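The structure's right below; bear with me while I get my questions together.
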Amino acid sequence: AKPVSTFEELQNINLAPEQNYVLQNDITLGGDIWDESNLVSWTAIGANSPGGFSGTLNGNGYKISVSAKSGTKHNFGLFSKISGTVYNLSVVGYFSISGTTDATALGAFAGEVTASGRIIDCVSFVRFTVAVKANQALSVSGAVGVNHGLIDGLMTAASGEISIDS
């Protein structure tokens, strides 16, 4: 598996979302999750691939702390779509999205888990702000927007604001 130890390496998973990765340490992106003035621009893992993230990510017991603003469409949360396996990962953060979206599902950990997707022994503690104009039906969740796969051990807590116009 390819080692991931920096923000750049984490973001570069989007260049080969079908590969296998392992976190080497905690990674912090942006400021404190309560400080909305210091948000990093973030592209959700798998957002640029029709199948989303299809590889394996071993969080190795480490934590990703992120305070991020996302674009629109399928670019919200840590993963846009999981069709591979994510395990032993903790996520603590704040995600914000605004504007017009054609997404059908938004989730702070993952927008969608496909039939082949797996989330195993993970933690997701997040805040979020969703202020969008939806072009179609939209499912929003603090953890996973839509699940068609297997979630075996996902401890989650979320708080946020949701404003959706159609």
Side-chain angles (χ1 to χ4, degrees), residues 1-24 27-30 39-60 62-124 126 128 130 132-152 154 156 158:
K2 295 181 181 181
V4 175
S5 57
T6 67
F7 168 75
E8 290 78 19
E9 290 171 345
L10 184 66
Q11 195 69 108
N12 284 341
I13 291 174
N14 281 316
L15 301 176
E18 73 287 349
Q19 298 291 316
N20 298 325
Y21 300 91
V22 60
L23 253 60
Q24 302 296 301
I27 297 175
T28 300
L29 320 168
L39 303 178
V40 295
S41 292
W42 172 250
T43 301
I45 297 171
N48 301 327
S49 173
F53 177 72
S54 56
T56 298
L57 176 63
N58 175 359
N60 212 15
Y62 291 112
K63 173 178 64 178
I64 296 173
S65 299
V66 57
S67 188
K69 60 185 171 189
S70 302
T72 56
K73 304 199 180 216
H74 307 285
N75 185 20
F76 178 79
L78 189 63
F79 294 90
S80 62
K81 182 188 293 185
I82 297 173
S83 56
T85 300
V86 178
Y87 65 101
N88 295 335
L89 176 66
S90 294
V91 178
V92 176
Y94 173 76
F95 292 97
S96 174
I97 185 171
S98 61
T100 301
T101 184
D102 62 357
T104 57
L106 299 173
F109 192 90
E112 178 183 356
V113 178
T114 68
S116 62
R118 307 285 179 262
I119 296 174
I120 302 167
D121 296 333
C122 292
V123 174
S124 175
V126 297
F128 59 89
V130 174
V132 296
K133 179 177 183 343
N135 290 334
Q136 56 190 331
L138 177 63
S139 172
V140 179
S141 168
V144 176
V146 174
N147 177 36
H148 300 286
L150 171 74
I151 298 177
D152 184 7
L154 175 62
T156 181

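Just so it is clear, the model here is predicted, and its values are computed rather than measured.
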Original post:
Minimum heavy-atom separation for Asn14 to Pro17, with atom names?
Top reply: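 Smallest interatomic distance, heavy atoms only, reads O-CD, 3.5 Å.
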
**OP:** May I ask you to test the Ile119-Asn147 pair for a side-chain heavy-atom distance under 4.5 Å?
**Re:**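 The answer is no, as the side chains (C-beta and beyond) never meet within the 4.5 Å cut-off.
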
**OP:** Quick one: closest heavy-atom pair of Ala108 and Gly142, and the distance?
**Re:**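 Taking Ala108 first and Gly142 second, the nearest heavy atoms are CB-O, 3.0 Å.
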
Original post:
Is there a side-chain contact between Phe79 and Val113, using heavy atoms and a 4.5 Å cut-off?
Top reply: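 Phe79 vs Val113: side chains apart.
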
**OP:** Could you grab the distance from atom OH of Tyr21 to atom OG1 of Thr56, nearest 0.5 Å is fine?
**Re:**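 Interatomic distance, Tyr21 OH to Thr56 OG1, rounded to 0.5 Å: 10.5 Å.
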
Subject >> From CG (Leu23) to CD (Glu9), nearest 0.5 Å >> reply: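 Reported to 0.5 Å precision, the distance equals 9.5 Å.
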
Original post:
How far does OG of Ser49 sit from CG of Leu15, to the nearest 0.5 angstrom?
Top reply: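 One gets 11.5 Å once the value is rounded to the nearest 0.5 Å.
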
**OP:** Verify side chain to side chain contact (heavy atoms under 4.5 Å, CB included) between Leu10 and Leu29, making sure each step is shown before the conclusion.
**Re:** CA-CA 10 Å; Leu10 184 66; Leu29 320 168; 4.2 Å; yes

**OP:** Could you give me the CA-CA distance, side-chain angles and deciding distance for Ile82 and Val144, then say whether side chain to side chain contact (heavy atoms under 4.5 Å, CB included) is met?
**Re:** CA-CA 10 Å; Ile82 297 173; Val144 176; over 6 Å; no

Original post:
Do Val4 and Ile27 come close enough that some side-chain heavy atom pair is under 4.5 Å?
Top reply: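 They are in side-chain contact.
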
Original post:
So which heavy atom on Ala143 is nearest to which on Leu154, and how close?
Top reply: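 Ala143 and Leu154 have their closest heavy atoms at CB-CD2, 4.3 Å.
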
Subject >> Check: Lys81 side chain, Pro50 main-chain N or O, donor-acceptor pair, under 3.5 Å >> reply: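 Present.
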
**OP:** Check for a donor-acceptor pair, side chain of Ser67 on one end and backbone N or O of Tyr94 on the other, with a separation under 3.5 Å.
**Re:**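 Flag not set: sc Ser67 to bb Tyr94 has no pair under 3.5 Å.
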
Subject >> Note, Phe7 side chain near Val66 side chain (heavy atom, < 4.5 Å) >> reply: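 In short, these two side chains do not touch, never coming nearer than 4.5 Å.
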
Original post:
Shortest non-hydrogen contact from Ser80 to Ala44?
Top reply: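 Scanning both residues, the minimum pair turns out to be N-CB, 3.7 Å.
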
**OP:** Please examine the side chains of Asn88 and Asn60, heavy atoms only from C-beta on, and report whether any two atoms are closer than 4.5 Å.
**Re:**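 No; the side chains remain at least 4.5 Å from each other.
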
Subject >> Tyr87 backbone acceptor or donor facing Asp121 side chain under 3.5 Å >> reply: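 Looks like no, no N/O pair under 3.5 Å.
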
**OP:** May I ask you to decide if Thr43's main-chain N or O and Gln11's side chain share a donor-acceptor pair within less than 3.5 Å?
**Re:**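 Side chain of Gln11 to backbone of Thr43: a pair is present.
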
**OP:** List the steps and the verdict of side chain to side chain contact (heavy atoms under 4.5 Å, CB included) for Val126 and Phe109.
**Re:** CA-CA 8 Å; Val126 297; Phe109 192 90; over 6 Å; no

**OP:** Take Thr104 and Val146 through the side chain to side chain contact (heavy atoms under 4.5 Å, CB included) test and state the conclusion after the steps.
**Re:** CA-CA 9 Å; Thr104 57; Val146 174; over 6 Å; no

Original post:
So how far is it from Leu78 CG to Ile64 CD1, rounded to the nearest 0.5 Å?
Top reply: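 So the CG of Leu78 and the CD1 of Ile64 are separated by 5.0 Å.
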
Subject >> Spacing of CD1 belonging to Ile45 relative to CG belonging to Asn12, to within rounding of 0.5 Å >> reply: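 Reported to 0.5 Å precision, the distance equals 10.5 Å.
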
Original post:
Looking at Ala105 and Gly111, what are the two nearest heavy atoms and their distance?
Top reply: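 For Ala105 versus Gly111, the nearest heavy atoms are CB-O, 3.2 Å.
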
Original post:
Any sub-3.5 Å donor-acceptor pair from Ser83's side-chain atoms to Gly51's backbone N or O?
Top reply: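 Checking the backbone N and O of Gly51 against the side chain of Ser83, a donor-acceptor pair under 3.5 Å is found.
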
Subject >> Pairwise side-chain contact, Phe128 with Leu106, heavy-atom cut-off 4.5 Å (strictly under) >> reply: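 No, every pair of side-chain atoms sits at 4.5 Å or beyond.
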
Subject >> Interatomic spacing from CG in Asn58 to CG in Asn20 - rounded to 0.5 Å >> reply: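 It comes to 10.0 Å.
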
Subject >> With Lys63, the side-chain contact (heavy atoms from CB on, under 4.5 Å) member among Val91, Val92, Thr28 >> reply: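 Only one option passes, and that is Val92.
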
Original post:
Ser139 side chain to Gly145 main-chain N or O, any donor-acceptor pair under 3.5 Å?
Top reply: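 Here the side-chain-to-backbone pair exists.
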
